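Heads up: the structure comes next, in structure tokens.
Owing to the predicted nature of the structure, the values given are computational and were not obtained by experimental measurement.
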Protein chains: 2
Amino acid sequence: MEGRREVDYMSVLKESGIQVTYQRLAIYKALHSSTKHPSAEEIYQKVRKNFPMISLGTVYKSLERFGEAGLVQKVGTMADVSRYHTRADSHHHLFCIKCQSIQDIADPIGGNELSLPDGHGFEILGHDVIIRGYCPQCVEK
Amino acid sequence: MEGRREVDYMSVLKESGIQVTYQRLAIYKALHSSTKHPSAEEIYQKVRKNFPMISLGTVYKSLERFGEAGLVQKVGTMADVSRYHTRADSHHHLFCIKCQSIQDIADPIGGNELSLPDGHGFEILGHDVIIRGYCPQCVEK
DNA sequence: ATTCTTGCAAACGGTTTGCACATAC
DNA sequence: GTATGTGCAAACCGTTTGCAAGAAT
């Protein structure tokens, strides 16, 4: 079971202070070797092929543990609950990572061109910029 | 109950083809007059002061109806489930609004300065750019 | 009169938690 | 031997849905 290919992953986990288990190796590998930003469920399905007994709960717990260690992050989520506004033209925000307040701003890119990778093949409809930091109230503390 | 101040909101709803009720007026007003990007629960609490019988379900249904009519949108949510990745340096994404695929990209702002409003008072830690559109597979259809 | 909306309660689905057993150190 | 992780199931919580009564047109 201690295949050669797991070794780097094992070092990564160890060096991050994370206790190593076969489940965690498999979860981290599944995530790290994918470019698709999978969900917990997708990781679970992938890992299950080699670890039929693994539970989805373990995947969630491991991902959270990885997150605490700075190895893994969620993509594109500001707050945990849906939040709404009425201004169709306002897609750019200052977001306070402490109190989760959100402030509208004008497009901070202004007239500058976005530089995108060649050959991405996307039909671009627009862009949203989220600037993360501490709002005035939370800076002071 | 037909106060003068509701009149503009009534027109807005009517012109968007939305059937007008007092509940919807109150919900739309609560949202439109706030700069805080409230959650459904927060809107519910606010509206409840004037409409003690209103239900949270009505708030959700109304917000969805407003969304269909283009009057309201959720802020900062890509997909509905959490998705993960391992690259701490990758905060910029191409997001397909059809198939919900996500592709990492380098910072599309490059060396350009972000132009922020004066006096925002935020301590800025970083920025995330999400570019919305159709991925190559979904463009073709 | 018909269609749409409301309020209530139940259902749903992604995520978290509690606990007994197993594994890592 | 102690601390931590695993698997399972139940709980949680934001959101959605079904339905009978009520309001809008």
Side-chain angles (χ1 to χ4, degrees), chain A residues 1-2 6 9-11 13-28 30-31 37-45 47-48 50-69 71-84 100, chain B residues 1-2 6 9-11 13-28 30-31 37-45 47-48 50-69 71-84 100:
Chain A
M1 192 99 189
E2 190 136 348
E6 260 89 35
Y9 291 117
M10 200 176 321
S11 311
L13 298 191
K14 272 187 178 152
E15 281 159 25
S16 296
I18 290 181
Q19 187 169 311
V20 176
T21 66
Y22 292 122
Q23 290 90 332
R24 286 182 173 176
L25 281 172
I27 291 165
Y28 185 74
L31 180 55
H37 306 75
S39 64
E41 177 69 31
E42 288 165 340
I43 295 168
Y44 172 58
Q45 293 303 339
V47 170
R48 213 143 79 101
N50 293 318
F51 292 83
M53 306 305 296
I54 202 172
S55 74
L56 182 55
T58 295
V59 174
Y60 275 108
K61 284 173 187 163
S62 300
L63 288 171
E64 196 192 343
R65 192 76 194 73
F66 294 160
E68 290 165 8
L71 282 178
V72 162
Q73 36 269 116
K74 293 186 187 179
V75 310
T77 52
M78 283 199 282
D80 293 336
V81 298
S82 294
R83 296 172 60 174
Y84 302 84
Q100 309 217 94
Chain B
M1 192 96 191
E2 190 136 348
E6 260 90 34
Y9 291 118
M10 200 177 321
S11 312
L13 299 190
K14 272 188 178 150
E15 281 159 24
S16 296
I18 290 180
Q19 186 169 311
V20 176
T21 66
Y22 293 121
Q23 291 89 333
R24 285 182 175 175
L25 281 171
I27 291 165
Y28 185 75
L31 180 56
H37 307 75
S39 64
E41 176 69 30
E42 287 165 340
I43 294 169
Y44 171 59
Q45 294 303 339
V47 171
R48 213 142 80 101
N50 292 318
F51 292 85
M53 306 305 295
I54 204 170
S55 74
L56 182 55
T58 295
V59 175
Y60 275 109
K61 284 173 186 164
S62 300
L63 288 170
E64 196 193 344
R65 191 78 194 72
F66 294 160
E68 291 165 8
L71 282 178
V72 163
Q73 36 269 118
K74 293 187 188 180
V75 311
T77 54
M78 282 201 283
D80 293 336
V81 298
S82 294
R83 296 171 60 174
Y84 302 84
Q100 308 217 94

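B:Arg48 has its side chain within reach of B:Gln45: a pair of non-hydrogen atoms, C-beta onward, lies under 4.5 Å apart.
Checked by atom type and distance alone, the side chain of A:Glu42 pairs as donor or acceptor with a backbone atom of A:Ser39 at under 3.5 Å. Side chain of A:Arg24 to backbone of A:Gln19: a donor-acceptor contact under 3.5 angstrom is found.
Rounded to whole Å, the distance from CD1 on B:Ile27 to C1' on C:dT6 is 10 Å. For B:Glu64 and C:dT6, the CD to C1' distance is 15 Å, given to the nearest whole Å. Between A:Ile43 atom CD1 and C:dT15 atom P there is a gap of 10 Å when expressed in whole angstrom units. The OH atom of A:Tyr60 sits 18 Å away from the C1' atom of C:dG18 (whole-angstrom rounding).
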Contact list (N/O, under 3.5 angstrom) for nucleotides 19-21 of chain C vs protein:
none

Check nucleotides 22-25 of chain C for protein N or O atoms closer than 3.5 Å to its own N or O atoms and list the pairs.
| residue | atom | partner | partner atom | Å |
| --- | --- | --- | --- | --- |
| C:dA24 | O4' | A:Gln19 | NE2 | 3.4 |

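Closest-nucleotide positions on DNA chain D for B:Lys74 and A:Arg65 were compared, and the one nearer the 5' end corresponds to A:Arg65. Between B:Arg24 and A:Ser39, the residue whose closest nucleotide on DNA chain C is further toward the 5' end is B:Arg24.
Considering only residues two or more places apart in sequence or on other chains, A:Tyr28 meets the ring-ring contact (aromatic ring centres under 6.0 Å, His included) condition with A:Tyr9, A:His32, A:Phe66. Annotation: side chain to side chain contact (heavy atoms under 4.5 Å, CB included) contacts of B:Tyr60 (sequence neighbours excluded): A:Tyr84, B:Ala40, B:Leu56.
One finds no side-chain N or O of B:Ser55 lying less than 4.0 angstrom from the OP1 or OP2 phosphate oxygen of C:dC8.
The heavy-atom pair separating A:Ala69 from A:Ser16 by the smallest distance is CB-O, 4.0 Å. Here the closest non-hydrogen pair linking A:Ile27 and A:Val59 is CD1-CA, 3.8 Å. Minimum interatomic distance between A:Ile18 and A:Arg65 (heavy atoms only, all atoms of both residues): CD1-O, 4.1 Å. Between B:Val72 and B:Leu31 the shortest heavy-atom distance is CG2-CD2, 3.6 Å. Scanning all heavy atoms of the two residues, the minimum distance from B:Leu13 to B:Val20 falls at CB-CG2, 4.0 Å. Smallest separation of non-hydrogen atoms from A:Val47 and A:Ala26: CG2-O, 3.7 Å.
Expressed to the nearest 0.5 Å, how far CD of A:Glu41 lies from CZ of B:Arg83 amounts to 13.0 Å. Taking CE from A:Met78 and CE from B:Met78, the interatomic distance works out to 10.5 Å, rounded to the nearest 0.5 Å.
Mapping heavy-atom proximity under 4.0 Å, the span of DNA chain D touched by chain A runs 5' to 3' from D:dT4 to D:dT15.
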query = So what is the 5' to 3' dot-bracket string for DNA chain D, if pairs are Watson-Crick or G-U wobble with both distances under 3.5 Å, crossing pairs use [ ] and | means the partner sits on another strand?
reply = |||||||||||||||||||||||||
